[in-house]
Amino acid sequence: MKFLHLSDLHLGKRVNEFSMTEEQDYILHKILDIVKAETPDAVVIAGDVYDKPVPPVEAMKLFESFLCALAEMNVAVLIISGNHDSAERLSFASGLLGGSGIYISPAYGGATAPVQLKDEWGEANFYLLPFVKPANVARAFPNEDIQSYTDAVRAAIKHMGVNFSARNVLVTHQFVTGAVRSQSEEISVGGADNVDGSVFEGFDYVALGHIHGPQKIGRETVRYCGTPLKYSFSEANHKKSATIVEMGAKGEVEVKTVDLVPRRDWVQLHGTYAAVTAKSFVDGQNRDNYFKIVLTDEEDIPEGAAKLRYFYPNLMALEYDNSRTRAEADLGEGGDVSNKMPLELFAELYEKQNGRQMTEEMSSLVGKLISDIWEGAK
């Protein structure tokens, strides 16, 4: 069983007011070229098909064209919704499309029947688990003790009734503990959305979506494929790719990647205004690329962005690195909050504002409010 693992297309995305539609159209055609060359049995899309729950029309047409091209090549397509998608909208007409080999997970309701594909080794089961929050799973299984994202995913898998003696692939869209994030992803304070990778034990391959940098989590067969395009300058050094997975008999899994080269790259330049606008320097750049320029001049350049766009038409961002900005950064330094839980951060804020610590009763009340707000409970 050979399949192509994709995720986080984010169709319809805009970055710094630049539409990514043309870049996405270009890279989807490159992916179709890979499909033609590799002839996989299936293409797996692990969530965040669109960038917004209500995508623009051009994004929907782009995805429709992509699916039609895959259907013409008789390639099965398995799709789940991510945290950026509307599960209900994405799965519209999924019952009808399944007959055409396009399988879309419905909004989570507790039932996760596998999509079964056959090859010379028999059946391979693909379990499509869309992005879920603890509240989603708790509603489906009220007798389960579900307090965290790990609890939620563990319970969802438990109720799938997986036969782990068979070949099984899990497709899901979550943040697994240990994954390296980028600036273009949604980040929860304190890692409240973390899922422990131990919940995936027993699956032959876990096709993850949500994280934009390609990477394995623990073992080679628990993987984020990453986005097919760069969506922030924190990804400037990423090497984007499509992930190809081949499963033989039970336990035999091989993984490789195929490079995806964009039409325009993302480039960061650092120096004085005079240096980055010097003819010899500009001539050495591909001016079609997207640029972030960090000027080191002590004084701001009047209408700097407009002037720089004469040399770099696709300038996305202009920043300064000088004594003023470094002093402002020092004053605003609040420490690393990425590893602190929401309640801990609130307690620190309360103590700074009131000069005393919260009582146990207050901590309990705030903790419950944070949990209710986080899960959207009423």
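- Using a 4.0 Å cut-off between a side-chain N of Lys or Arg and a carboxylate O of Asp or Glu, E303 and K307 do not qualify as a salt bridge.
- Side-chain atoms of D33 do not come within 3.5 Å of backbone N or O of K36 as any donor-acceptor pair.
- Aromatic rings of F141 and H159 (six-membered ring for Trp) have centroids within the 6.0 Å cut-off, being under it.
- With no hydrogens or angles considered, a side-chain donor-acceptor pair links D25 and H29 at under 3.5 Å.
- Separating the CD1 atom in I211 from the OG1 atom in T227 is a distance of 10.5 Å, to the nearest 0.5 Å.
- Of the possible donor and acceptor atoms, none in the side chain of N289 sits under 3.5 Å from a partner among the backbone N and O of W266.
- Residues D300 and R324 share a closest heavy-atom pair of OD1-NH2, 2.9 Å.
- There is no path of hydrophobic side-chain contacts, each under 4.5 Å, that joins I102 to F92.
- A donor-acceptor pair under 3.5 Å is formed between the side chain of D151 and the backbone N or O of Q147.
- A242 and I34 get closest at one heavy-atom pair: CB-CD1, 4.2 Å.
- Taking 4.5 Å as the limit, some side-chain heavy atom of V49 sits within range of a side-chain heavy atom of L90.
- In Q285, the CD atom is crowded: over 12 heavy atoms of neighbouring residues, nucleotides or ligands sit closer than 6.0 Å.
- With a 4.5 Å cut-off on side-chain heavy atoms, V255 and I244 do not count as touching.
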request  = Please report the C-alpha distance between H210 and N83 in whole Å, then the side-chain angles of each, then the deciding distance to 0.1 Å, and finally whether the side chain to side chain donor-acceptor pair (under 3.5 Å) criterion is met.
outcome  = CA-CA 8 Å; H210 190 42; N83 57 302; 3.2 Å; yes
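- Considering R219, K250, R167 in turn, K250 is the only one that fulfils the salt bridge (Lys or Arg N to Asp or Glu O under 4.0 Å) rule with D204.
- For the pair V245 and V44, the minimum side-chain heavy-atom distance is 4.5 Å or more.
- Heavy atoms only, all atoms of each residue included: P214 and K239 are closest at CG-O, 3.8 Å.
- Between Y205 and H5, a ring centre-to-centre spacing shorter than 6.0 Å is recorded.
- Residues F131 and V115 fall into different hydrophobic clusters, defined by Ile, Leu, Val, Met, Phe, Trp and Tyr side chains chained together at heavy-atom separations under 4.5 Å.
- Here the straight-line distance linking atom CD of Q174 with atom CZ of F200 works out to 7.0 Å at 0.5 Å rounding.
- Looking only at atom types and distance, the side chain of Q116 has a donor-acceptor partner in the side chain of N125 under 3.5 Å away.
- Put simply, the side chain of D51 never gets that close to the backbone of L11: no donor and acceptor are under 3.5 Å apart.
- Between E235 and L229 the shortest heavy-atom distance is OE1-O, 3.8 Å.
- When hydrophobic side chains of Ile, Leu, Val, Met, Phe, Trp and Tyr are connected at separations under 4.5 Å, Y310 ends up clustered with V267, L269, Y273, V276, F281, V282, F291, I293, L295, I301, L308, F311, Y312, L315, L318, Y320.
- Hydrophobic clustering, with ILVMFWY side chains joined whenever heavy atoms are under 4.5 angstrom apart, keeps I80 apart from V162.
- Applying the 6.0 Å contact sphere to CD of E361 captures no more than 12 heavy atoms from other residues, nucleotides or ligands.
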message = One pair to check against side chain to side chain donor-acceptor pair (under 3.5 Å): S232 and S234. What are the steps and the verdict?
response = CA-CA 5 Å; S232 76; S234 66; 2.6 Å; yes
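- Between H173 and the choices I45, L208, D8, the side-chain contact (heavy atoms from CB on, under 4.5 Å) rule is met once, by D8.
- N168 contributes a side-chain N or O that, together with a main-chain N or O of N163, makes up a donor-acceptor pair within less than 3.5 Å.
- S280 and D283 are not linked by any side-chain donor-acceptor pair at a separation below 3.5 angstrom, with hydrogens and angles left out of the test.
- Here NZ of K256 is found 12.0 Å from OG of S241. Values are rounded to the nearest 0.5 Å.
- For T272 (side chain) and D297 (main-chain N/O), no donor-acceptor pair under 3.5 Å exists by modelled atom type.
- At most 12 non-hydrogen atoms from other residues, nucleotides or ligands lie less than 6.0 angstrom from NZ of K52.
- For an aromatic pair to be called close, the ring centres must be under 6.0 Å apart, and F126 with F3 satisfies this.
- By the 4.5 Å heavy-atom criterion applied to side chains, Y290 and D265 are not counted as neighbours.
- H212 and H10 share a donor-acceptor pair across their side chains, judged by distance under 3.5 Å alone.
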request  = Evaluate the side chain to side chain contact (heavy atoms under 4.5 Å, CB included) criterion for residues K13 and Y50: first the C-alpha distance (whole Å), next the side-chain angles of each, then the deciding distance (0.1 Å), finally the verdict.
outcome  = CA-CA 8 Å; K13 188 174 184 65; Y50 297 115; over 6 Å; no
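- Of all heavy-atom pairs spanning P134 and A152, the tightest one is CA-CB, 3.7 Å.
- Between Y149 and F175, the distance from one ring center to the other does not fall under 6.0 angstrom.
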Pair V176-V222, side chain to side chain contact (heavy atoms under 4.5 Å, CB included): steps then yes or no = CA-CA 10 Å; V176 182; V222 179; 5.6 Å; no
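- Between atom NZ of residue K133 and atom OH of residue Y108 there is a gap of 16.0 Å, rounded to the nearest 0.5 Å.
- For the pair N194 (side chain) and T177 (backbone), a donor-acceptor distance under 3.5 Å is absent.
- I104 approaches S91 most closely through the heavy-atom pair CG2-CA, 3.7 Å.
- With contacts defined as side-chain heavy-atom distances shorter than 4.5 Å, the pair V35/M73 qualifies.
- When the side chains of ILVMFWY residues are joined at heavy-atom separations under 4.5 Å, either directly or via intervening members, Y127 and V169 end up in two distinct hydrophobic clusters.
- Atom CZ in R287 sits 12.5 Å away from atom CZ in R264 (nearest 0.5 Å).
- With 3.5 Å as the limit, one finds a donor-acceptor pair spanning the side chains of S19 and T21.
- In this structure, the side chains of L32 and F66 come closer than 4.5 Å at one or more pairs of heavy atoms.
- Following chains of ILVMFWY side-chain contacts shorter than 4.5 Å, one cannot reach L78 starting from L170, and the two form parts of different hydrophobic clusters.
- The closest donor-acceptor contact from the side chain of D259 to the backbone of V261 lies at 3.5 Å or more, if one exists at all.
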ask   = Taking it one step at a time, do M316 and F18 satisfy side chain to side chain contact (heavy atoms under 4.5 Å, CB included)?
value = CA-CA 8 Å; M316 277 193 169; F18 282 77; 3.7 Å; yes
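- The side-chain heavy atoms of K292 and V294, taken from C-beta on, include a pair separated by under 4.5 Å.
- No salt bridge links E144 with R154; every basic N to acidic carboxylate O contact stays at or beyond 4.0 Å.
- Counting only distance, with no hydrogens or angles, the side chain of D119 and the backbone of G122 share a donor-acceptor pair below 3.5 Å.
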I79/F63 under side chain to side chain contact (heavy atoms under 4.5 Å, CB included): CA gap, chis, key distance, verdict = CA-CA 12 Å; I79 306 165; F63 192 49; 3.7 Å; yes
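- In this structure, the side chain of Q24 engages the main chain of G12 through a donor-acceptor pair within 3.5 Å.
- Rounding to the nearest 0.5 Å places CZ of R89 at 12.5 Å from OG of S81.
- W121 is not listed as a side-chain neighbour of M247, based on a closest heavy-atom distance of 4.5 Å or more.
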